[in-house]
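Taking it in order: structure first as structure tokens, then the write-up.
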Amino acid sequence: MELLSSEDFKNTKIEPEWTAMDYLLEVVRVEQEKMQEQIFMKEKKNGQLKRKRRIQEDSNKNKRPITSYPSKPLLPEGLKRHIVENMGGSNCVLVIQKQLFFSDVNPQASRLLIPFSQVESHEFLNESEVERLKKKEAIKACLVEPSMEETEINFKWWDMRKNSMYVITTYWNSIVKNNRLKVEDVVQLWSFRVNSTLYFALQKL
């Protein structure tokens, strides 16, 4: 309890006929009022803190989990062995790691979009392949699915207004269905070479 000061008695009206007992009773009254005010302010502050904490907790519950990716994605060992030992592949390069959106699994669209802005490296293509793609020619390639099945695809280059992207078409719906790909799945697309021929591998994380 804080000591009383003259400021605490600013609203007190002293009567000429007051006795010493009256002064004492007034001091007790002011002291009790001040104590009640301090208790009220403390409870109000605690209530605000609890409310703030509750709002923060509710906010955290509503936040979507952040998808964390490895800082330097590595080719999974099982897939690497399959490519190198079973297929005789080499020069594995990560093309993209992305979260799938509805447009990627929509059966009406039947294609996987690979925006240039998200591509890790364009060096998986040689000069001849780049020229063909720029001329709007599709490159036929083989894609190793997460199930390890091999499927023929068409690899294309699309220019969409200010954005460019690679696109995988042909049998993409089958790949989605066979591997139960869905919205918000995170996948990696790797490229590699078998006797200089372009191949791809899709890995579901």
Side-chain angles (χ1 to χ4, degrees), residues 66-205:
I66 299 174
T67 305
S68 59
Y69 305 137
S71 56
K72 293 183 179 179
L74 300 175
L75 182 63
E77 284 300 318
L79 180 58
K80 184 177 181 180
R81 284 196 301 271
H82 179 74
I83 291 173
V84 175
E85 298 176 9
N86 299 339
M87 301 182 66
S90 61
N91 299 327
C92 297
V93 177
L94 177 63
V95 177
I96 189 172
Q97 177 170 292
K98 66 169 289 184
Q99 187 178 60
L100 296 180
F101 295 95
F102 175 72
S103 59
D104 296 313
V105 297
N106 179 8
Q108 301 300 320
S110 188
R111 79 284 189 277
L112 174 67
L113 299 180
I114 308 168
F116 277 20
S117 59
Q118 298 179 40
V119 170
E120 295 286 339
S121 172
H122 296 269
E123 296 180 0
F124 65 94
L125 296 171
N126 59 37
E127 292 183 6
S128 174
E129 291 164 342
V130 171
E131 289 302 317
R132 288 176 57 191
L133 289 171
K134 286 184 176 180
K135 294 177 182 178
K136 307 305 177 185
E137 295 181 21
I139 296 177
K140 290 189 180 297
C142 181
L143 182 141
V144 179
E145 303 180 22
S147 62
M148 295 301 180
E149 293 184 30
E150 296 179 20
T151 302
E152 185 179 83
I153 61 163
N154 279 329
F155 190 76
K156 302 177 180 179
W157 177 326
W158 283 3
D159 289 314
M160 307 287 286
R161 296 181 181 179
K162 295 182 180 180
N163 301 317
S164 296
M165 60 188 70
Y166 298 121
V167 185
I168 288 179
T169 63
T170 310
Y171 302 119
W172 177 248
N173 280 347
S174 296
I175 296 171
V176 170
K177 182 178 180 180
N178 293 343
N179 297 278
R180 298 181 180 179
L181 300 179
K182 60 185 183 301
V183 175
E184 294 189 355
D185 279 348
V186 178
V187 298
Q188 292 178 342
L189 181 69
W190 295 82
S191 74
F192 61 98
R193 299 278 170 173
V194 177
N195 297 325
S196 75
T197 301
L198 181 63
Y199 278 72
F200 292 99
L202 187 70
Q203 178 72 16
K204 181 180 177 181
L205 301 184

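Being a predicted model, the structure only gives us computed values, none of them experimental.
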Checklist entry - When you look at T151 and W172, which way does the side chain to side chain contact (heavy atoms under 4.5 Å, CB included) test go after all the steps? => result CA-CA 9 Å; T151 302; W172 177 248; over 6 Å; no
Next on the checklist: Are the side chains of S110 and V176 in contact, using a 4.5 Å heavy-atom criterion?
Outcome noted: no
Item to check | Sidechain-backbone polar pair: N179 side chain, L181 backbone, donor-acceptor under 3.5 Å | outcome: no
Checklist entry - Quick one: CD on Q108 to CG on N173, what's the gap to the nearest 0.5 Å? => result 8.5 Å
Checklist entry - Knowing that exactly one of Y166, W158, F101 qualifies, which makes a side-chain contact (heavy atoms from CB on, under 4.5 Å) with L113? => result W158
Next on the checklist: Let me confirm one number: the OH-CD1 distance from Y199 to I153, rounded to the nearest 0.5 Å.
Outcome noted: 11.5 Å
Item to check | Closest non-hydrogen atom pair between A138 and R132, with its separation | outcome: O-NH2, 3.4 Å
Next on the checklist: Taking NZ in K177 as the centre, count heavy atoms belonging to other residues, nucleotides or ligands within less than 6.0 Å. Is the count above 12?
Outcome noted: no
Checklist entry - Quick one: NZ on K134 to CH2 on W157, what's the gap to the nearest 0.5 Å? => result 5.0 Å
Next on the checklist: Going by side chain to side chain donor-acceptor pair (under 3.5 Å), name the residues that satisfy it together with R193, two or more places apart in sequence or in a different chain.
Outcome noted: E129
Item to check | L202 side, atom CG; L79 side, atom CG - distance, nearest 0.5 Å | outcome: 9.5 Å
Checklist entry - Hey, are the side chains of I114 and V119 touching, using non-hydrogen atoms and a 4.5 Å cut-off? => result yes
Next on the checklist: Is it the case that over 12 heavy atoms from other parts of the model lie below 6.0 angstrom from the NZ atom of K136?
Outcome noted: yes
Next on the checklist: Would you say that E120 contacts V95 through its side chain, given a criterion of any heavy-atom pair below 4.5 Å between the two side chains?
Outcome noted: no
Checklist entry - At what distance, to the nearest 0.5 angstrom, does NZ of K204 lie from OG of S147? => result 11.0 Å
Next on the checklist: side chain to side chain contact (heavy atoms under 4.5 Å, CB included) for V130 and H122? Distances and angles first, verdict last.
Outcome noted: CA-CA 9 Å; V130 171; H122 296 269; over 6 Å; no
Next on the checklist: Once rounded to the nearest 0.5 Å, what's the spacing between atom OG of S191 and atom CD1 of I83?
Outcome noted: 9.0 Å
Next on the checklist: Could you tell me if the side chain of F155 sits less than 4.5 Å from the side chain of I168, heavy atoms only?
Outcome noted: yes
Checklist entry - Is there a side-chain contact between L100 and V183, using heavy atoms and a 4.5 Å cut-off? => result no
Checklist entry - With a 4.5 Å limit on heavy-atom distance, are the side chains of L189 and L143 in contact? => result yes
Item to check | Sidechain-backbone polar pair: N178 side chain, S174 backbone, donor-acceptor under 3.5 Å | outcome: yes
Checklist outcome for this item: Shortest non-hydrogen pair, P115 vs M165, comes out as CA-CB, 3.7 Å
Checklist outcome for this item: Residues pairing under side chain to side chain donor-acceptor pair (under 3.5 Å) where one sits in residues 74-89, two or more places apart or in two chains, turn out to be H82-N86
Checklist entry - Hey, does F192 have a side-chain heavy atom less than 4.5 Å from the side chain of N91? => result no
Checklist entry - Does N154 use its side chain to pair, donor to acceptor, with the backbone of T169 at less than 3.5 Å? => result no
Next on the checklist: Quick check: do L198 and L125 have side-chain heavy atoms less than 4.5 Å from each other?
Outcome noted: yes
Next on the checklist: Let's go through S103 and R111 carefully: what are the C-alpha distance in whole Å and the side-chain angles of both, what is the deciding distance for side chain to side chain contact (heavy atoms under 4.5 Å, CB included) to 0.1 Å, and is it a yes or a no?
Outcome noted: CA-CA 8 Å; S103 59; R111 79 284 189 277; 3.9 Å; yes
Next on the checklist: We want to know whether Q188 and Q97 form a side-chain donor-acceptor pair, criterion being a heavy-atom distance below 3.5 angstrom.
Outcome noted: yes
